[in-house]
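Numbers here are sequence positions counted from 1. In each ligand, atom 1 is the first atom listed, and ligand 1 is the first ligand listed. Worth knowing before you read on, the calculation uses all heavy atoms, side chains too, and leaves out hydrogens, waters and symmetry mates.
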Amino acid sequence: MIINKEHTRSLLDLLQKPLSVILVNINTTTLGILDIILYKVQKALLQSDVHSKSDKSPVTVADYGSQVLVSFALEKELPAMAFSLVAEEDSGDLRKEEGKETLQRITELVNDTLASDGTYDVSPLTEENVLRAIDNGKSEGGSHGRHWVLDPIDGTKGFVRGDQYAIALGLLDEGKVVLGVLACPNLPLGSVNSKDPNDKVGCLFSAQIGGGTYMQSLDGSAPVKVHVSATENPEEASFFESYEAAHSSHDLSSSIAKKLGVKAPPVRIDSQAKYGALSRGDGAIYLRFPHKGYREKIWDHAAGYSVVTEAGGVVSDAGGNPLDFSKGRYLDLDTGIIVTNQKLMPSLLKAVKESLSENASAL
Ligand SMILES: Nc1ncnc2c1ncn2[C@@H]1O[C@H](COP(=O)(O)O)[C@@H](O)[C@H]1OP(=O)(O)O
Ligand SMILES: [Mg+2]
Ligand SMILES: [Mg+2]
Ligand SMILES: [Mg+2]
């Protein structure tokens with residue numbers, strides 16, 4: 001596996017702009033701390049530091065480390081606010097005997113990082129502190145108050161494979177997503193379809209409700225406003241779907257694309273990078289049809305939803321209902337998630353409905 005340096009960018013760097021939008025002051029030195037931990041964590045991955053969760057999905061030291069540091073920094077920087085975080089990882093496995101070594105490793109890395117950075121003048125975190133920082137993410141969210149929503153590494157399978165992944169942070173206010181930041185360290189700046197290996201990679205998408213969506217390079221170029229594709233012609237549209245067929249039925253999406261008249265082959269990439277790429281018009285449609293029984297989590301969509309919606313796109317479930325982030329940690333939805341521009345949505349919904357009734361067994 002090749003791990004490149006783009007994987008190691010600072011998480012909090014990625015968060016700087018939207019946090020400034022809500023007038024929270026995170027200084028740039030603080031932001032640098034995650035560079036170091038992710039670099040080390042990536043090295044750890046080379047030593048096959050990948051574990052399996054109870055739902056059989058992978059988790060790495062990077063996922064935990066990212067959640068610890070984002071949680072730690074948000075708590076430090078938001079002392080006056082009631083701090084509520086809905087995040088993917090929990091400390092359950094790390095509290096077991098078999099998780100001891102992983103916990104030690106995360107604690108060591110977090111402390112090395114905090115010490116070499118020096119921004120936070122704190123004594124070393126204990127393992128209990130680390131577990132607690134992870135467990136900050138236990139909030140149930142809901143329709144009242146403000147809740148941060150974090151996927152510390154979205155697309156862990158892509159991360160481990162050396163492909164696309166994202167760090168996704170959203171903010172819910174009274175059940176609505178009001179802010180979204182999506183860092184895609186491996187996404188080419190020009191287009192997801194870029195074939196040039198020398199193209200610069202690393203995109204940061206950020207969106208604030210009513211304020212549009214902006215993209216900048218992860219090393220700090222000026223943000224530019226982005227828009228979804230304006231195409232009305234499905235023959236010109238290309239569509240995104242999961243790289244992993246286990247996450248979304250490729251058969252069903254192929255039948256929908258055929259009905260619509262989409263000519264291009266699917267673009268299969270991991271993570272919410274799909275939402276980012278769609279928000280700047282790399283493709284016009286995103287189809288997601290998880291297999292029966294899978295329940296979508298809010299951290300897998302909050303940031304991406306915000307980025308696409310503010311860029312002029314529409315996100316709905318397969319029945320055309322808007323996504324409801326106010327119900328807690330899960331999205332309760334009808335069958336799947338579909339994303340496109342306003343012009344294409346009616347014909348897409350029609351194709352989805354027909355395909356679902358003809359291919360119910362595909363899920
Ligand atoms: N069986 C599954 N079906 C659908 N999505 C899944 C499944 N297992 C994990 N996921 C989550 O779906 C997202 C991956 O979707 P995609 O296929 O679009 O990359 C990730 O958020 C991943 O979580 P994680 O954050 O742990 O990677
Ligand atoms: Mg996961
Ligand atoms: Mg995820
Ligand atoms: Mg994740």
Give the table of side-chain donor-acceptor pairs shorter than 3.5 Å for residues 171-178, with sequence neighbours excluded, one pair per line with atom names and distance.
unit_1: E174; atom_1: OE2; unit_2: G145; atom_2: N; d: 2.8

Evaluate the salt bridge (Lys or Arg N to Asp or Glu O under 4.0 Å) criterion for residues E354 and K350: first the C-alpha distance (whole Å), next the side-chain angles of each, then the deciding distance (0.1 Å), finally the verdict.
CA-CA 6 Å; E354 287 171 15; K350 186 165 170 279; 3.4 Å; yes

Verdict with reasoning, D196 to S194, per side chain to side chain donor-acceptor pair (under 3.5 Å)
CA-CA 6 Å; D196 180 354; S194 167; 5.9 Å; no

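Note that CD of Q67 and CG of D90 are 8.5 Å apart. Values are rounded to the nearest 0.5 Å. The CG atom of L333 sits 6.0 Å away from the CD atom of E296 when rounded to the nearest 0.5 Å. Once rounded to the nearest 0.5 Å, the distance linking CD1 of I337 with CG of L331 reads 5.5 Å. Note that CD of E127 and OG1 of T107 are 4.5 Å apart. Values are rounded to the nearest 0.5 Å.
H301 and Y275 are linked by a side-chain donor-acceptor pair at a separation below 3.5 angstrom, with hydrogens and angles left out of the test. Checking E241 against S248 by side-chain atom types alone, no donor-acceptor pair falls below 3.5 Å. Side-chain contact of D251 with S249: a donor-acceptor pair under 3.5 Å is absent, judged by distance alone.
For atom 14 (C) of ligand 1, the closest non-hydrogen atom on the protein side is H247 ND1, 3.3 Å. For atom 19 (O) of ligand 1, the closest non-hydrogen atom on the protein side is S271 N, 2.6 Å. From the protein, the heavy atom lying nearest to atom 11 (C) of ligand 1 is Y294 OH, 3.4 Å. The nearest heavy-atom contact from the protein to atom 12 (O) of ligand 1 is R288 NH2, 3.0 Å.
Checked by distance only, ligand 1 and T156 come closer than 3.5 Å through their nitrogen or oxygen atoms. Not a single N or O atom of P58, backbone or side chain, sits closer than 3.5 Å to an N or O atom of ligand 1. Looking at S57 next to ligand 1, no N or O pair under 3.5 Å apart turns up.
Atom numbering of ligand 1 starts at 1 in the shown order; those under 4.0 Å from a heavy atom of D300 are 11 (C), 20 (C), 21 (O), 25 (O). The distance from ligand 1 to the heavy atoms of K274 drops below 4.0 Å at these ligand atoms: 16 (P), 18 (O), 19 (O). Close approach of ligand 1 to I153 (heavy-atom distance below 4.0 Å) involves ligand atoms 25 (O).
Annotation: protein N, O or S atoms under 2.8 Å of the Mg ion (ligand 2) (waters excluded) comprise E88 OE2.
The closest approach between any non-hydrogen atom of E244 and ligand 1 is not below 4.0 Å.
Counting heavy atoms under 4.0 Å from ligand 1, residue Q272 does not touch it at all.
Salt bridge status for R95 with D135: present, with a side-chain N to carboxylate O gap under 4.0 Å.
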